[in-house]
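Working notes for the structure below.
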Amino acid sequence: MCTTLSERLILGAFDLCHQWTPHETGLSVVALLLAERWRRRALALTVENERWRRIARERADRVSVVSHEIQTPLALIGGASELLADGTAGALTPQQAALVDTIGVKTSEMATLAADLLADARIDAQIFHLRTTSVDVGRVARAVVRDLRHLYPNQITYSARGAAARILGDQELIAQALTNLVTNSARHAGADARIAVRVRRTDGGVLVSVSDDGTGMSPEQTRDLFRRTLAGKSPSGHGLGMLITQRIVELHGGRCLVDSMSEAGTTILCSLPSGLDDSGGPGDREPDDLRGLGE
């Protein structure tokens, strides 16, 4: 028995077609009924997907507002802590200086968390668009190392050889990913660990490695490093940075690999395809203010 209007219309149409045999008519009706049911299912899925996309976009909008509202006071706190650390407001006792350093480090970590949350929400909502330009990954990495040296006690070194390692990418996102990689090492390897950032050109793009000689990770921690539920979560981290790093690298067509052993340190490798034609060529030398950061 026909239960829907569309099924009744289909059968009514075939009642008017006398050129087919009963067998052919029966098979055709069954085929069209199945096609109609699949069409309705596809339509229902389309509606449901659009609903979830709308929810994701609304979430991204809320996170964007919160992120912006957080960034403003964090910038003021960070600026004030820098003035205190520089002695602008007077000399500090050793205990006061240590507290100011803590304020600076945690302010930077909160700013990074706000940026990670915003990137994660926008990627989930599928409203994320790369602002691609020719990016000198080595130059970006050197700037990241320079900034993070002021925040962490670790010995952080940078090295690169050869011509400029350029890719077609989003410079702001590349800097965010590199910041997360170095920050992850500084948080989990221990204050005495040495961190080495290396950038190398490859035949197809750029290879970035961040290594430390800290406590390393167990096989279970290595497996879960880029998972949303754990993602390297520890008492000293929010657990989102490495997931965002992987998603940024994948947005650029690359991939991340982890090499770690307990008590033997960790190395995280990120490969990024060039995306440039031959005219992209080697870039200019680094400006003077970025030199002197090598090993």
Side-chain angles (χ1 to χ4, degrees), residues 66-119 139-159 172 175-198 210-217 221 231-242 244-245 262-268 286-295:
V66 172
S67 178
H68 176 74
E69 293 299 324
I70 290 176
Q71 291 285 1
T72 300
L74 286 178
L76 296 174
I77 295 171
S81 67
E82 289 179 3
L83 291 175
L84 288 172
D86 292 340
T88 303
L92 302 177
T93 66
Q95 184 178 10
Q96 290 171 334
L99 292 174
V100 169
D101 287 341
T102 299
I103 293 172
V105 170
K106 296 306 177 182
T107 299
S108 176
E109 291 179 356
M110 283 299 298
T112 300
L113 173 57
D116 286 342
L117 287 171
L118 181 57
R139 181 174 181 176
V140 174
R142 296 183 80 164
V144 167
V145 169
R146 178 191 60 197
D147 293 340
L148 294 183
R149 278 177 173 173
H150 298 297
L151 296 177
Y152 296 103
N154 307 81
Q155 179 186 347
I156 307 175
T157 61
Y158 167 82
S159 67
E172 183 178 340
Q176 183 176 347
L178 292 174
T179 298
N180 286 343
L181 287 171
V182 179
T183 299
N184 182 74
S185 289
R187 286 175 178 171
H188 302 296
D192 296 330
R194 293 172 296 181
I195 301 171
V197 180
R198 299 180 177 88
V210 177
S211 304
D212 64 67
D213 57 0
T215 56
M217 295 185 292
Q221 290 173 318
K233 188 175 181 180
S234 78
S236 61
H238 51 73
L240 184 62
M242 294 308 296
I244 294 300
T245 295
S262 182
E263 305 302 327
T266 300
T267 296
I268 299 178
E286 314 287 2
D288 291 340
D289 63 344
L290 289 179
R291 293 178 184 169
L293 291 179
E295 293 177 311

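Any value given below was found using the heavy atoms of this structure, including those in side chains, with hydrogens, waters and symmetry copies removed.
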Atom pair [atom1] ([X]) and [atom2] ([Y]), whose distance is rounded to the nearest 0.5 Å:
| X | Y | atom1 | atom2 | answer |
| --- | --- | --- | --- | --- |
| Asn154 | Leu148 | CG | CG | 10.0 Å |
| Ser108 | Ile77 | OG | CD1 | 12.5 Å |
| Thr267 | Asp212 | OG1 | CG | 7.0 Å |
| Glu109 | Leu74 | CD | CG | 11.5 Å |

Should [X] and [Y] count as side-chain neighbours, where that means a heavy-atom distance under 4.5 Å?
| X | Y | value |
| --- | --- | --- |
| Met242 | Ile268 | yes |
| Glu82 | His150 | no |
| Val105 | Thr102 | no |

I need the minimum non-hydrogen distance between [X] and [Y], along with the two atoms involved.
| X | Y | result |
| --- | --- | --- |
| Gly216 | Thr266 | CA-OG1, 3.5 Å |
| Ile244 | Gln176 | CG2-NE2, 3.8 Å |
| Asp213 | Ala193 | OD1-CA, 3.4 Å |
| Val210 | Ile195 | CG1-CG2, 4.0 Å |
| Ile103 | Ser81 | CG2-CB, 3.9 Å |
| Ala89 | Leu84 | CB-CD2, 3.9 Å |

Inset, instruction - Output yes when a side-chain donor or acceptor of Arg149 lies under 3.5 Å from a complementary backbone atom of Ile156, and no otherwise. - result: yes
Legend entry - Side-chain donor or acceptor of Thr179 paired with backbone N/O of Ala175 under 3.5 Å: yes
Legend entry - Atom CG of Asp192 with >12 non-hydrogen neighbours under 6.0 angstrom: no
Inset, instruction - Mark yes when over 12 heavy atoms from residues, nucleotides or ligands other than Gln155 sit less than 6.0 Å from its CD; otherwise mark no. - result: no
